Amino acid sequence: MAPRTRRVAYGFAAALVVAGGICAGLVPGVTGEVLTITLISAGLGGALLLVFLEIGFGEERDLRRDEDRRRKRLLRTVSARRRSRERPPRRPG
């Protein structure tokens, strides 16, 4: 996820929470309460989902980094074995 997209998503979630707070003060009755609960819940729920998404991206990044390290280590050991096989055998004496 691009950093700009991430900021926009968090901003949208925050805007929903703020809109819910405004509805609490401006819209009277049951309609205001329903709007308040809906908007705030959607905003906080969206923010929570974005946090879990960030955690998942971080875990994938770590797994990819570990896999790259393993692959490089394996390539180094394979190339070292090939080099050791290419040497001519030693002769005594």
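Computed from a predicted model, the values in this text were never measured in an experiment. The basis for the numbers below is simple: all heavy atoms, side chains too, and nothing from hydrogens, waters or symmetry mates.
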*Under the side-chain hydrogen bond (donor to acceptor under 3.5 Å, both in side chains) rule, collect the residues that match up with Arg7, sequence neighbours excluded.*
none
*Mind checking side-chain hydrogen bond (donor to acceptor under 3.5 Å, both in side chains) for Asp68 and listing every partner two or more places apart, or none if nothing turns up?*
Arg71
*Are Glu67 and Arg64 close enough for a salt bridge, meaning some N to O gap below 4.0 Å?*
no
Which atom pairs, donor and acceptor, lie under 3.5 Å between side-chain atoms of residues 16-40 and protein residues at least two apart or in another chain?
from	atom 1	to	atom 2	distance (Å)
Thr36	OG1	Gly20	O	3.4
Thr36	OG1	Ala24	N	3.1
Thr36	OG1	Gly32	O	2.6
Thr38	OG1	Val34	O	2.7

*Contact check, side chains of Tyr10 and Val51, non-hydrogen atoms, under 4.5 Å*: yes
*Could you check if a side-chain atom of Leu74 sits within less than 4.5 angstrom of a side-chain atom of Arg70, using non-hydrogen atoms only?*
no
*Can you tell me how far the CZ atom of Phe57 sits from the CG atom of Asp62, to the nearest 0.5 Å?*
13.5 Å
*With the 4.5 Å side-chain cut-off for hydrophobic clustering, are Leu44 and Leu49 part of the same group?*
no
*Provide the closest heavy-atom pair for Gly46 versus Ala13 in the form atom of the first, atom of the second, distance.*
C-CB, 4.5 Å
